[in-house]
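Sequence lines set the chain letters: A, B, ... in the order given, protein chains first and strands last, and positions in each chain run from 1.
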Number of protein chains: 2
Amino acid sequence: MTVPTRNHLFTQHSRPASPDRYTSLVAQKDEAPGESRRERKERTRRAILDAALDQLADTGFGSLSLRQLTRSAGIVPTAFYRHFATLDELGLALVDESFETLRGLIREVRQGDPAPETLIDRSVDVLSGQLDTHSAHFRFISRERQGGVPALRDAVRHELSLFERELATDLARMPGLEKWGAADLHVLASLFVDLMVGAAGEMVSPSTDHPATRREIEQNLRNQARMVVVGATGWTPLGS
Amino acid sequence: MTVPTRNHLFTQHSRPASPDRYTSLVAQKDEAPGESRRERKERTRRAILDAALDQLADTGFGSLSLRQLTRSAGIVPTAFYRHFATLDELGLALVDESFETLRGLIREVRQGDPAPETLIDRSVDVLSGQLDTHSAHFRFISRERQGGVPALRDAVRHELSLFERELATDLARMPGLEKWGAADLHVLASLFVDLMVGAAGEMVSPSTDHPATRREIEQNLRNQARMVVVGATGWTPLGS
DNA sequence: CCTTTCAGTGAACATCCGTGCACTGAAAGA
DNA sequence: TCTTTCAGTGCACGGATGTTCACTGAAAGG
């Protein structure tokens, strides 16, 4: 072990006395013993993504600061570029994982009983569960859907339209909707998606996450969905 | 119109020859001949509001810059404080006038025939017209509803809930809904508000304002509303 | 008339920002 | 073993930001 000749102020073990950098909980640079270079890089990448999701609870993506981001991820600003070429690219990565969460939701709903009677209640319950563990993802989607960063807004809308199409094919299999056309399914699916994203966005808002109001929103979502279902039941398909 | 954003690189030596003051279209400091002090102040205030609405086409309120704002309003940064104590206060003023626009919408719909048959088409047409003249207001509402600035988000949601209540009392007078309870009316009204704000937000997006896609969104909104109306027609009020 | 009010000015400040650059040191690979 | 790769460092820069302060000059008002 050599004493550093030049100013390498904080290498690994000078942590406790570190005077001027308050690193966060998100990324420990504590040595994980056997860790390949790839694993280490992946861990830092995760730390950046988590730091972003954390910071996005308070602001829109447009006012995200690269410096704050890296500070709370435990790395130096310039190191960010080893993982993403630009901030927007980070945003697109968040779009990806947010929609993976969203797809996980319908996947979970599909599992087991597709009994049309309990479907709404089950969906809302699953949504509620996902909101506990992945609130940041839902907040991100519903905020950036109308957000100020064109690249993200377009990406979110594109993914939402794919998701909606996926939902439409699910709906096509339901009793009573067998002879609906694509246009009819689109109307119904977009209705459900709008309601869900809207309600989710309301529920994950920092100002509105008291359990009481959350129950209210859930209940209203259930009622809205029921009214739509009644509408679908009495619907005359668009081709006259 | 709008100045290219985000690019910090081009500033190097392509700056215009004007020393340090390039005023905008928004506010002329050209002397208007007979103008009281009050009128002049009001004119500047309007210039600030307009500059904000202009800038908000590209970003969320959270990343609004006071300096850019005042620059395009034709005043010096510090003069801003003669009109608003803080940026949030500016935002609240925008909330006010945006919702005045929104109320103007239902007022216009109400005028003349409330024939239940043509009501949806008429509403969508009026909305479409308002979007041409007041797109910035609708963009503001639908963006800041989920936006990153708590004060504005709460204000927008509060106003939306008032608006929804107002709509509910209108609906209560419609044939077939006479014996609905407040809860039922709330479900239907919130459904309409969500659909409208969502569709409006999609239509006023900088990326989505081609007339073609806009017609599509309008048509989808009409269909969604129709399906909801069918649902309302077959609805059994919540008190069993 | 003279005094007060006050919207707008301009300079100065401390702070944050994104990014280019040359670097280090350990892991990967030969 | 020696060489290459590359995630992360530290520094420096130019520029944009919000806010302070003392000021100016014309309108308002007595």
Atom-pair distance ([atom1] on [X]; [atom2] on [N]), nearest Å:
X	N	atom1	atom2	value
L66(A)	dG18(C)	CG	P	5 Å
R40(A)	dT9(D)	CZ	C1'	14 Å
L64(A)	dC16(C)	CG	C1'	15 Å
R43(A)	dC6(D)	CZ	C1'	17 Å
E35(A)	dA7(D)	CD	P	14 Å
E42(A)	dG8(D)	CD	C1'	16 Å
R38(B)	dG29(D)	CZ	P	9 Å
R67(B)	dT9(C)	CZ	P	13 Å

CD of E100(A): more than 12 outside heavy atoms within 6.0 angstrom?
-> no
Do other residues, nucleotides or ligands put more than 12 heavy atoms under 6.0 Å from Q219(B) CD?
->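 Above 12, so yes.
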Under a 4.5 Å cut-off applied to non-hydrogen side-chain atoms, are R139(A) and S205(A) in contact?
->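 Heavy-atom side-chain distance check fails, nothing below 4.5 Å.
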At under 4.0 Å, does any side-chain N or O of [X] touch on OP1 or OP2 of [N]?
X	N	value
S36(B)	dA27(D)	no
Q68(A)	dC16(C)	no
R45(A)	dG8(D)	no

Worked verdict on F84(B) versus I48(B) for side chain to side chain contact (heavy atoms under 4.5 Å, CB included) | CA-CA 10 Å; F84(B) 304 97; I48(B) 295 175; 4.0 Å; yes
Just by distance, with hydrogens left out, do [X] and [Y] show a side-chain donor and acceptor under 3.5 Å apart?
X	Y	result
S207(A)	R157(B)	no
Q130(A)	T101(A)	no
S72(A)	Q55(A)	no

Near DNA chain D, under 4.0 Å by heavy atom, which residues of residues 78-85 of chain B?
-> T78(B), Y81(B)
I want to verify a distance call: between [options], whose nearest atom is closest to the [X] side chain?
X	options	result
L87(B)	dC6(D), dT17(D), dG18(D)	dG18(D)
R37(A)	dG18(D), dG18(C), dT5(D)	dT5(D)
K41(A)	dA7(D), dT19(C), dG18(D)	dA7(D)

